[in-house]
Amino acid sequence: MAPWSVAGVSQLSTSPSVPVSLVPSPGGEEGATWVRVALDVPLAGLFDYRAPAGARVGQRAIVSFGRREMVGIVIETPVAPAVAVEQVKDVVQMLDDLPPFPDDWLKLAAFAADYYQRPLGEVMLPALPGPLRKPAAYQGLRAAGGPVARLDARAARAAKPKRTRRKKDQAPDDERALTSEENVSASENAEATSALPPVSLPTLNASQQEAVEALSGLSGFKPVLLHGVTGSGKTEVYLRVAERVLREGRQVMLLVPEINLTPQLEQVFRRRLEAIAGTGGVAVLHSGLADGERLQAWLRAVRGQARVLLGTRLSLFTPLPDLGLIVVDEEHDPSYKQQEGLRYSARDLAIWRARDRGVPIILGSATPSMETWHHAQTGRYLLLSLPQRALAAEPPRIRLLDTRNVKLQQGLAPPLLQAVAQRLEKGEQSLIFLNRRGYAPVLHCDACGWVSGCPRCSAYMVLHRQPPRVPGGPGRHELRCHHCGWQQRVPMACPDCGNQDLQPMGRGTQRLEEHLGELFPGARIARIDADSTRRKGSAQELFARMHAGDIDILVGTQMVAKGHDFQNLGFVGVLNADAMLFSHDFRAPERLFAQLMQVAGRAGRAGTPAEVYIQTGYPEQPLYQALVRHDYAGFARYALRERESAGLPPFAYQALLTAEARELAQAQAFLAQARAWTERTDGTDSSQAADMSRITLYDPVPLRVVRVANVERAQLLVESDSRPALQGFLRAWAGVLPGLAATARVRWHLEVDPLEI
DNA sequence: AGCACGCCGACT
DNA sequence: GTCGGCGTGCTC
């Protein structure tokens with residue numbers, strides 16, 4: 001990411017609270033003071049209240065706002081309120097169950113608010129565990145002092161029996177008991193003993209050794225790209241560096257894309273790092289946790305009891321008193337970008353945070369994002385490479401199957417089928433990757449041309465056909481819209497002409513599973529996609545069966561690409577990759593390359609030379625050619641050249657204004673007004689610091705799927721070759737957009753650094 | 001965003 | 001006669 005502007009930070013007052021004696025008196029209680037509070041409301045600005053003496057910046061407060069009560073965070077203690085004194089209400093209750101948030105956390109939130117053009121409160125409050133931002137958690141008899149106090153009390157209770165057993169060597173200290181390391185960890189994980197057996201460390205190969213040494217020599221802020229293919233041992237490098245940082249007494253933040261898909265990683269990190277950080281020294285944070293668990297992990301990290309914080313993007317906003325290292329694993333992964341609310345990139349903010357704290361940050365990937373790779377090439381980031389596979393297994397052989405002159409059998413090329421058959425004979429597993437769930441993408445009437453359109457969206461309804469649970473039983477057939485979730489029964493005949501012979505067009509994973517069953521009657525076939533894993537735990541179950549060798553052929557969507565390595569997987573077939581190659585999105589090739597590398601990497605880790613066949617009608621495409629050579633650098637060179645000549649990121653900076661309304665025209669009208677405003681500003685208005693000469697605004701265009709759930713959408717792309725110019729413009733623009741007349745029946749949002757356009 | 005207040009249609 | 005539609009306006 002480009003030079004960071006820190007302008008937004010100025011909205012934080014760093015001055016200590018003001019001497020109350022010489023100001024417009026807040027009145028009321030003796031020594032009362034004014035506080036300026038951030039609230040989770042979609043309104044720009046902060047809100048002033050009257051608080052008891054001693055209120056501090058960074059402290060939380062329950063305030064009355066309109067007709068409801070909310071939890072806010074004190075950002076300033078101004079000398080006078082910004083509105084008439086009569087309008088200022090009293091704080092309902094200052095909360096002191098936590099120390100005030102530290103300056104660096106407030107600064108991080110302020111930066112994110114400014115960078116992504118959102119109100120400060122909308123950044124800060126959603127970043128906290130749920131109970132800490134609900135006034136209700138502090139009310140009523142049951143609350144007993146709020147969620148933090150309750151949690152601590154529970155931990156103290158749980159620790160009691162242990163304490164009596166060891167009363168000899170530990171004097172009771174009730175103050176300390178609430179937060180002390182041993183008590184909380186005992187409650188969290190009574191099973192895990194602190195006497196872990198010594199872990200035998202894997203031997204590092206030469207390049208791992210070099211990487212660890214280079215990383216150990218770093219002090220202060222430095223972004224490092226750790227580039228290594230699947231199986232090259234990036235995790236071991238993270239671990240060694242993390243261990244070192246822990247020994248220095250500092251905390252480590254490790255971000256992963258999705259924690260549920262990588263339970264092994266969590267196990268490895270726990271085992272290795274708890275040996276240093278102590279039992280309970282590793283906290284795990286992700287959106288799947290219940291409120292209480294999340295609060296507990298967060299508190300442990302905030303209090304410095306947890307020395308390692310392992311988690312998804314939401315962990316980025318956790319205050320860490322002794323942060324010494326940040327690791328972003330799979331840094332290219334799109335799930336680091338939040339797609340609603342504050343649309344932040346946890347990877348980009350992690351880099352900002354590392355700079356702010358003056359600590360190193362490791363970005364790990366086999367297929368880095370073009371942004372990161374570009375920075376590594378220009379020397380802005382340090383590039384460390386792990387070229388070999390650590391386990392000395394041969395990389396999979398990738399072969400392109402030209403589908404232009406081949407007669408496909410149910411969409412499958414003969415060599416692919418032969419490969420599956422061979423692996424079956426050898427008792428090895430096969431994986432067929434098809435990134436399209438359902439039975440067929442559309443149902444079609446040959447007689448009149450009717451297709452299964454969604455009544456609420458401008459999209460096709462997908463045919464789903466679940467095979468019967470018991471042989472001969474009823475299968476579940478239905479049409480489903482993947483955009484809005486609408487479902488209906490499959491019509492027996494064409495709704496338009498009555499033709500009874502409706503045809504499924506194209507192939508999804510369900511149909512593929514069915515075909516493979518017909519082609520390989522003896523084989524054990526399973527499918528992993530969003531449909532087959534809807535039930536909680538069923539994904540784990542299916543992965544376990546695959547690992548146990550109870551599955552011969554696995555059909556899967558991108559869900560199978562992440563995390564899991566299959567020891568006995570000898571063959572990977574890829575279908576329909578071309579669909580992504582020619583997507584409208586300029587980042588599609590980058591995602592396709594990453595995905596194919598990742599899928600290919602699932603196989604052959606244990607030493608079996610694995611094969612990967614990719615069916616394509618365009619084998620000459622540079623992307624596929626680079627893939628066959630396992631040549632990420634070659635692909636990136638080609639992709640970056642294209643980006644540069646087209647003036648696209650990372651050579652330009654973008655923002656996207658999206659509008660939604662019942663009628664497309666309303667959305668378009670809003671965008672037109674938003675655009676027209678920029679023509680009036682033209683740099684002549686000196687109050688707007690925006691340098692319009694460096695800003696390009698494109699025409700508003702409808703989204704490719706215009707209507708979803710009866711809402712029609714359009715968007716307006718803004719581009720600049722200068723990050724500061726774009727930021728300056730967005731700041732001014734975000735200020736006027738809420739006031740535009742056309743906002744009436746329009747919902748809109750502004751996204752900075754959009755991933756998809 | 002919530003949550004009110006405020007005027008115009010089909011119902012106990 | 002009211003319950004309720006969502007239009008508009010405000011929140012320190």
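Protein chains get the first letters and strands the later ones, always in sequence-line order, with residue 1 at the start of each.
By the neighbour-count criterion of 12 heavy atoms within 6.0 Å, atom CZ of A:Arg56 is sparsely surrounded, having that number or fewer from other residues, nucleotides or ligands.
In the model, A:Thr696 has no side-chain atom that pairs as donor or acceptor with a side-chain atom of A:Glu719 under 3.5 Å. Side-chain atoms of A:Gln727 and A:Tyr115 form no donor-acceptor pair, as typed in the model, at a separation below 3.5 Å.
Near DNA chain C, defined here as any heavy-atom distance below 4.0 Å, there are no residues from residues 665-674 of chain A. Across residues 88-97 of chain A, A:Val88, A:Lys89 each have a non-hydrogen atom less than 4.0 Å from an atom of DNA chain C (numbered order).
With sequence neighbours left out, A:Asp291 forms a side chain to side chain contact (heavy atoms under 4.5 Å, CB included) with A:Pro131, A:Lys134. Shown here are the ring pair (Phe, Tyr, Trp, His ring centres under 6.0 Å) partners of A:Tyr344, two or more places apart in sequence or in another chain: A:Phe317. Qualifying side chain to side chain contact (heavy atoms under 4.5 Å, CB included) partners for A:Leu703, counting only residues two or more places apart in sequence or in other chains: A:Thr658, A:Arg713, A:Gln715. Every residue two or more places apart in sequence or in another chain that forms a side chain to side chain contact (heavy atoms under 4.5 Å, CB included) with A:Ala661 is listed here: A:Gln666, A:Ala667, A:Val746. Shown here are the ring pair (Phe, Tyr, Trp, His ring centres under 6.0 Å) partners of A:Phe101, two or more places apart in sequence or in another chain: A:Trp105. By the ring pair (Phe, Tyr, Trp, His ring centres under 6.0 Å) test, A:His464 pairs with A:His482, sequence neighbours left out. Listed by chain and residue number, A:Phe65 satisfy the ring pair (Phe, Tyr, Trp, His ring centres under 6.0 Å) test with A:Phe47 (two or more places apart in sequence, or in another chain).
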What does the B/S/- profile of nucleotides 1-9 of chain B look like, 5' to 3', with a 4.0 Å heavy-atom cutoff to protein?
BSSS-----
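Aromatic pair A:Tyr49/A:Trp34: centroids not less than 6.0 angstrom apart.
Judged as a salt bridge (charged side-chain N to carboxylate O under 4.0 Å, His left out), the pairs with a partner in residues 333-345 of chain A (not counting sequence neighbours) are, in order, A:Asp333-A:Lys562, A:Lys337-A:Glu751, A:Arg343-A:Glu751.
The nucleotide range of DNA chain C contacted by chain A, defined by atoms under 4.0 angstrom from heavy atoms of the protein and reported 5' to 3', is C:dT11 to C:dC12.
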